[in-house]
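Notes for the one structure printed next.
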Amino acid sequence: MARVFWCILIRDLTLAMRRRTDVLTTLFFFVIVVSLFPLGVGTERKILEILGPGVVWVAALLASMLALERLFAADYEDGTLEQMLLTAQPLSLLVLAKISAHWILTGLPLVLIAPLVGMQYHLTGTAIWVMMLALLLGTPILSLIGAIGAALTLGLRGGGILLSLLILPLYIPVLVYGAGAVEVSRIDLMDVQPYLMLLGAFFLIALILAPLASSAALRISLE
Amino acid sequence: MRPEAATLMLEVVGLECRRGDRRLFSGLGLTLEAGTLLHVRGRNGSGKTTLLRTLCGLFAPDAGEVRWRGESIRDLGDEYRRDLLYFGHLNGIKGELTGIENLAIAATLDGDRVATADIWTALERIGLAGFEDLPTRMLSQGQKKRVALARLMLSRAKLWVLDEPFTALDVDAVSLLQGLIAGHVAGGGLTVLTTHQEVPLTSGQVARLDLGS
Amino acid sequence: MSLNWFKLASPASFYPVAGRLVPLFWILTVGLLLLGFYWGFFQTPDQLGGSNAQKEYYRIIFIHVPAAWMSMWLYMVIVGWAAIGLVFNTRLSFMMANAVAPTGAIFTFLALWTGAFWGRTSWGTYWDWDPRLTSELVLFFLYIGYIALHSAIDDTRRADRASGLLAIVGLVMVPVIYWSINCPDPTQCAALHQRSDLTRIDGNILFSMLIMTLGFWMYSFATSFMRLRGIILTREAESAWVRELLSQENPK
């Protein structure tokens, strides 16, 4: 089981390393969206401090959304996804490996770049730490839930727009608690705990259910 | 003959498949025993690919069922897929990876531990010596297909389902593939294939199924 | 008895049954709505609540609340049919789910629309990020997603199954979304809406609300069955019974 998981994980990472631009586009999309907001709403320090957490989270949502379209698409086009459906391995395990690789390539960079964009919004050191922690817990949920949508919209024309229509409403809880955690950390660090616990609980539930739903969706899409 | 091989049998019972609102075939039944090749023929759009995908369990039939060793493939699940090798219109290889990497991943997913040396041999036999370490997107259409077909040599699957395996192959590769299929059937395996060419088989029985007639 | 149900589950035999039921449901719809409106306008008190009372405009409740109830109920109906379809591979149940979806979306929209008017008069704003209103908006997005996914897929079977799965995923997420909107701060919860307590409401108001809900329900049946008949005809266009039916209706 673990051998197959690693096999797919390393395969997807190798593929991404041989086509690096895909990874970088997501990251730069995130940075650009975050950087554009102050130009639109004004650069007043007070406003930015209030907007910061929400903007970063919405940008993270959109960035992970943008990357999701490619999650299964390449494998679908060259037939390797079809072969995965026909192996004697549990499909949800393969899907989980693909999601993990996808998160390492698109979610983790967002977590790591968070301090940089946090400074653009004058967030304090503690707030940035909390934001990184919240992103670390939250971005995997985005990948997990998003995978269901990516599997459902596989190979459809206008799939990307459709995907956002289906998935963005489902991201609301992550947005609410992710941004909320950073928000309250500005007042009292002790209040952060319940937010992070909730994100952690969502992560565990998504970890169990999302691969199952995604593999069911893949079987439907590849009929 | 081993008792396991004796029960090796693919059955199709009362199969009905639709695509969209169109009925492709209904009431289809057949039995395929070990050491047989089934050649599915029919016009374009007669449902050959759908039938093959149904046999693999990729497509759920609207009625009837497919049985392997006497059990429904829906109930068998992973156990059936262990015995199955499907070769579709798409090669199922990654352009960014080399032939070696592609085959190693395919073998791991099949649950086999294949030595790298065996993969080298397989690629050499299929006529790709010297190309093993190139990303497959550098290869020609026919060479890509050969990489995919090298899987046939490495797999231990009992049932081969091949959809148009001969297209884009040159004369050498066609005869090589014919040899592989003949060897598989002679060794007690089963093969279901579609092709517009006549396949002279050297051994085993050949059954024919005409769709849409 | 069980045999009858299976017979009904085939599109060919359900088509005429639905056809006979549609007029009946329309009559019930009109009757119930008339009764509901009459009761709501003439048999209920002129204002709601004690201090800071809501005057005549509170009567929006007779459309707003039943529409909101129906929007939620119809989503459950869709999920129910989709689940049956996915498990038993029955085509009619997917058609049912598809036929219900537009009606559900319309009720969701109606609840939002009337909610905005009610909000204008009682809160002084058309829109507020009130938890229930926001949840209703999310429900509207879910309906739109369902309909959009279904219409984006050409292959009807994949469309049915994919959107069915989406509806189920949506249902699993709805409580989480509702809760996160209701409780953005996990340590405390607040809501703009008063806690609804049906027993505290005046009997006449409750009666008209229930009658209106029943009327909306009958309306849902009527419109869904009409749509269902259309879907059945399109999908079964190739089959013998539809051709026979069409040749009877258009003798040439």
Side-chain angles (χ1 to χ4, degrees), chain A residues 1-23 70-98 101-102 105 151 154-156 211-212 215-223, chain B residues 17-20 49-50 52-62 73-74 76-98 101-113 135-137 144-145 147-148 151 155-157 159-161 163:
Chain A
M1 292 276 266
R3 208 166 76 95
V4 176
F5 181 85
W6 283 116
C7 171
I8 295 290
L9 185 72
I10 288 165
R11 180 193 93 127
D12 277 18
L13 294 180
T14 316
L15 285 173
M17 283 307 113
R18 293 192 188 165
R19 195 167 272 188
R20 242 160 283 176
T21 45
D22 281 1
V23 181
R70 301 299 301 161
L71 174 57
F72 298 115
D75 285 355
Y76 175 65
E77 281 152 21
D78 59 25
T80 42
L81 191 62
E82 197 171 66
Q83 291 295 339
M84 282 185 203
L85 258 65
L86 290 172
T87 59
Q89 313 297 337
L91 183 59
S92 46
L93 183 75
L94 305 183
V95 168
L96 184 63
K98 284 193 71 66
H102 185 261
L105 294 166
L154 202 57
L156 301 181
L212 293 174
S215 42
L218 282 180
R219 290 206 188 278
I220 291 171
S221 292
L222 262 80
E223 257 203 349
Chain B
C17 284
R18 292 158 166 267
R19 263 300 186 195
T49 296
T50 305
L52 261 53
R53 292 174 70 86
T54 312
L55 292 182
C56 295
L58 279 173
F59 189 85
D62 288 275
I73 60 166
R74 272 183 84 147
L76 284 172
D78 288 345
E79 220 176 303
Y80 173 61
R81 278 172 229 133
R82 210 182 303 278
D83 285 335
L84 172 78
L85 189 146
Y86 173 67
F87 186 87
H89 286 281
L90 300 162
N91 289 329
I93 54 169
K94 299 297 299 182
E96 290 90 346
L97 301 178
T98 67
E101 287 168 330
N102 268 304
L103 292 173
I105 290 167
T108 310
L109 288 184
D110 284 339
D112 299 337
R113 286 179 189 272
T136 49
R137 74 186 134 87
K144 280 181 203 157
K145 192 133 192 178
V147 174
R151 280 184 55 213
S155 165
R156 288 178 292 124
L159 172 64
W160 290 1
V161 178
D163 198 353

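Hydrogens, waters and symmetry mates are skipped; everything else that's a heavy atom, side chains included, is used. In what follows, every chain begins at residue 1, and chains take the letters A, B, ... in the order their sequences are listed.
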Holding to side-chain contact (heavy atoms from CB on, under 4.5 Å), I want the full list of residues that pass it with B:Leu90, two or more places apart in sequence or in another chain.
none
Greatest number of heavy atom pairs closer than 4.5 Å to chain B - which of A:Leu15, A:Leu85, A:Leu91, A:Leu222
A:Leu15
Per-residue contact mode, B:Ala104 against chain A (heavy atom under 4.5 angstrom)
neither
Let me know if A:Leu94 has heavy atoms under 4.5 Å from chain B in its side chain, its backbone, both or neither.
side chain
Which atoms of B:Ile93 come close to chain A, meaning under 4.5 Å heavy atom to heavy atom: side chain ones, backbone ones, both, or neither?
backbone
A:Leu86 CG to B:Leu85 CG distance, which is reported to the nearest 0.5 Å:
9.0 Å
At a 3.5 Å cut-off, give me the donor-acceptor pairs between chain A and chain B, one pair per line with the distance.
{"residue": "A:Arg3", "atom": "NH2", "partner": "B:Asp112", "partner atom": "O", "Å": "3.3"}
{"residue": "A:Arg18", "atom": "NH1", "partner": "B:Glu96", "partner atom": "O", "Å": "2.9"}
{"residue": "A:Arg18", "atom": "NH1", "partner": "B:Glu101", "partner atom": "OE1", "Å": "2.9"}
{"residue": "A:Arg18", "atom": "NH2", "partner": "B:Glu101", "partner atom": "OE2", "Å": "2.9"}
{"residue": "A:Arg19", "atom": "NE", "partner": "B:Glu96", "partner atom": "OE2", "Å": "3.3"}
{"residue": "A:Arg19", "atom": "NH1", "partner": "B:Glu96", "partner atom": "OE2", "Å": "3.2"}
{"residue": "A:Arg19", "atom": "NH2", "partner": "B:Glu96", "partner atom": "OE2", "Å": "3.2"}
{"residue": "A:Asp75", "atom": "OD1", "partner": "B:Lys94", "partner atom": "NZ", "Å": "2.5"}
{"residue": "A:Asp78", "atom": "O", "partner": "B:Gly92", "partner atom": "N", "Å": "2.9"}
{"residue": "A:Asp78", "atom": "OD2", "partner": "B:Lys94", "partner atom": "NZ", "Å": "2.9"}
{"residue": "A:Glu82", "atom": "OE2", "partner": "B:Arg53", "partner atom": "NH1", "Å": "2.5"}
{"residue": "A:Glu82", "atom": "OE2", "partner": "B:Arg53", "partner atom": "NH2", "Å": "3.4"}
{"residue": "A:Gln83", "atom": "OE1", "partner": "B:Arg151", "partner atom": "NH1", "Å": "3.1"}
{"residue": "A:Gln83", "atom": "OE1", "partner": "B:Arg151", "partner atom": "NH2", "Å": "3.4"}
{"residue": "A:Gln83", "atom": "NE2", "partner": "B:Tyr86", "partner atom": "O", "Å": "2.9"}
{"residue": "A:Gln89", "atom": "NE2", "partner": "B:Leu109", "partner atom": "O", "Å": "3.0"}
{"residue": "A:Leu222", "atom": "O", "partner": "B:Arg53", "partner atom": "NH2", "Å": "2.4"}
{"residue": "A:Glu223", "atom": "O", "partner": "B:Arg19", "partner atom": "NH2", "Å": "3.3"}
{"residue": "A:Glu223", "atom": "OE2", "partner": "B:Ala60", "partner atom": "N", "Å": "3.3"}

